[in-house]
Amino acid sequence: MTYLLKNLNVYYDRGFRAADILLSDGIVAAMGSGLFVGGGAAVFDFHGAAALPGLIDPHVHLREPGFEYKETVRSGTLAAARGGYTAVCAMPNLKPVPDTLEHLNVELHIIARDAAVAVAPYGSITKGEAGAELSDMAAMAPYAAGFSDDGRGVQSEALMRRAMETAKSLGKPIVAHAEDESLLRKGWAVHDGAYARAHGLAGNAPESEWRQVERDLELVRETGCAYHVCHVSTKETVGLVRLAKFEGLDVTCETAPHYLTLTDGDLSDDGRFRMNPPIRSAEDRDALIEGLCDGTVDMIATDHAPHSAAEKSGGLEGSLNGIVGLECAFPVLYTRLVRGRITSLERLVELMSAAPARRFGLPGGAIEPGKPANIGIFDLEHEFKIDSSKFLSLGRATPFDGWSVYGRCLMTVADGKIAWRDTDEQ
Ligand code: DOR
């Protein structure tokens, strides 16, 4: 199949240029102005929209196998495609947990059958994510983006050391949900958001995150393991990662759109504001933005974590942790960070595509002639409202519902195939 994508502003070689893109059998066959093809090709005119390398999310929960009422590989990857993503890394808090090759194969089979974009699964660090015994990391390594117990921190230092030694020998990163369970409750005292203070509500204490990162960095120093910190939310973690990089450790980290654009002053008693780690103070948000600008924060993940409407209906206190993110991350970040003059579109592409591609060895991260096409096409000029009722994800809980934003995804080409096309009238 041949597609001609006309009148684009293409991100190529770290800059933008007006060009058409010709796709032939899934490959970027040509890029240039005034391209022409004969009959048989499908031609799309994008009137100057931006063509970016397909976005890559290193942290999503697709919920299948085990929790299909929340999300499936099909619904989650269609949501990803609608958001401009061409690859995602899937977290292992599933049933069965991918802790052996046999269990991972259950997930791989569904991915091969149903995924609309590339999915790289994580294997779990510990059996059943129970924190007691190492998973069969060696058997899973060839098929896993890395190893994570996301949803829980690994409490045992000795076990984390062994996990890092094993991951290092397998050439895979440890992807850490850092949370020291002995420090969780302190959050009730330290959370300082106006709403949370007034109602005695708060998420996990900042120290539960950064103390475990501090512990892990010591283990990275010992083992030389590649280490990636999930959903960084505190200023202290940003400081620790900055120093670790300065020291030359093989450390990367991600934060998420909600930690960059909201503070605990924005909370209301609604499950769509509840996730773990929680939205923190303005100081934490500012430190994350500083980290994003100086290179400490490597990438932005959504931590897309769908739950059913009932599970999110209990307000801040009674809802499960987790919000969806794939279908609004780019517009929120483009609007607030790029149009808000905090960073450049080029840097946003690095954070949302090139950096995760490099770190996790995923397809994409650039639009290159001769290579498989992984492209997200975005209208950067017209404002629209985020409407979670239209999401393809089965999850609807997002703090960004109703926001007016720019950056609607018009088309996503994943591995040369059109995975999403916006046919709505503007
Ligand atoms: O908010 C969250 N939801 N944080 C996590 O760590 C896990 C995730 C989930 O699986 O729902």
Side-chain angles (χ1 to χ4, degrees), residues 57-73 75-76 79 88-98 107 121-122 124-126 128-131 146-155 174-181 183-184 187 201-206 208-210 212-213 228-234 237 253-260 262 264 267 270-280 300-326 328-329 393-400:
D57 193 334
H59 189 144
V60 305
H61 297 268
L62 296 179
R63 306 299 194 202
E64 191 182 9
F67 304 93
E68 292 81 357
Y69 71 96
K70 297 176 194 265
E71 190 81 292
T72 63
V73 167
S75 63
V88 299
C89 298
M91 283 300 174
N93 50 348
L94 301 168
K95 212 159 63 185
V97 171
E107 188 184 351
Y122 292 111
S124 67
I125 298 173
T126 68
E129 289 204 352
F147 296 98
S148 180
D149 268 7
D150 190 61
R152 297 195 61 185
V154 176
Q155 303 304 305
I174 288 287
V175 176
H177 173 115
E179 185 172 308
D180 181 330
E181 288 167 12
L183 299 171
L184 286 184
L201 295 168
N204 298 339
S208 69
E209 175 180 301
W210 67 263
Q212 192 157 91
V213 171
H228 177 80
V229 193
C230 291
H231 41 54
V232 172
S233 69
T234 74
T237 307
C253 74
E254 68 189 38
T255 189
H258 37 288
Y259 307 120
L260 290 165
L262 298 168
D264 51 9
L267 295 178
D270 187 326
R272 67 198 176 90
F273 290 91
R274 173 148 182 178
M275 76 294 291
N276 183 31
I279 291 164
R280 300 198 187 276
I300 305 177
T302 62
D303 194 1
H304 179 84
H307 295 290
S308 71
E311 289 167 336
K312 293 301 285 179
S313 67
L316 269 185
E317 276 248 66
S319 296
L320 292 186
N321 281 317
I323 58 168
V324 294
L326 287 165
C328 53
S393 170
L394 304 185
R396 296 289 147 85
T398 166
F400 303 120

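Atoms within each ligand, like the ligands themselves, are counted from 1 in listed order.
- Shown in contact with G151 at under 4.0 Å from a heavy atom are these atoms of ligand 1, numbered in order with element: 6 (O), 7 (C).
- No N or O atom of M275 sits closer than 3.5 Å to an N or O atom of ligand 1.
- Taking the six-membered ring for Trp and thresholds of 30 and 60 degrees, H231 and H177 have ring planes more than 60 degrees apart, a perpendicular arrangement.
- Residue-ligand proximity, A305 to ligand 1, at heavy-atom distances under 4.0 Å covers atoms 3 (N), 8 (C), 9 (C), 11 (O).
- The closest approach between any non-hydrogen atom of R63 and ligand 1 is below 4.0 Å.
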- Worked check of side-chain hydrogen bond (donor to acceptor under 3.5 Å, both in side chains) between E71 and S75: CA-CA 6 Å; E71 190 81 292; S75 63; 2.6 Å; yes
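- Using a 4.0 Å cut-off between heavy atoms, H61 contacts ligand 1 through its side chain alone, with no backbone atom that close.
- Residue contact check: H177 has heavy atoms under 4.0 Å from atoms 6 (O) of ligand 1.
- Contact annotation: the side chain of E209 never approaches that of V229 to less than 4.5 Å [non-hydrogen atoms, C-beta and beyond].
- Heavy-atom proximity to H307, at under 4.0 Å, picks out these atoms of ligand 1: 11 (O).
- Residue-level proximity to ligand 1 for R152 is absent, since no heavy atom of it falls below 4.0 angstrom.
- Taking 4.5 Å as the limit, every side-chain heavy atom of R280 sits out of range of all side-chain heavy atoms of Y259.
- Looking at Y122 and P98, their side chains never come closer than 4.5 Å, going by heavy atoms from C-beta outward.
- Here the heavy atom of the protein found nearest to atom 4 (N) of ligand 1 is N276 O, 2.8 Å.
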- Intermediate values then yes/no, side-chain hydrogen bond (donor to acceptor under 3.5 Å, both in side chains), H304 and D57: CA-CA 9 Å; H304 179 84; D57 193 334; over 6 Å; no
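- M91 has its side chain within reach of C230: a pair of non-hydrogen atoms, C-beta onward, lies under 4.5 Å apart.
- Listed by atom number, the atoms of ligand 1 under 4.0 Å from N93 heavy atoms are 9 (C), 10 (O).
- Side-chain atoms of D303 and E254, non-hydrogen and from C-beta on, never get closer than 4.5 Å to each other.
- In terms of protein heavy atoms, atom 3 (N) of ligand 1 is closest to N321 O, 3.2 Å.
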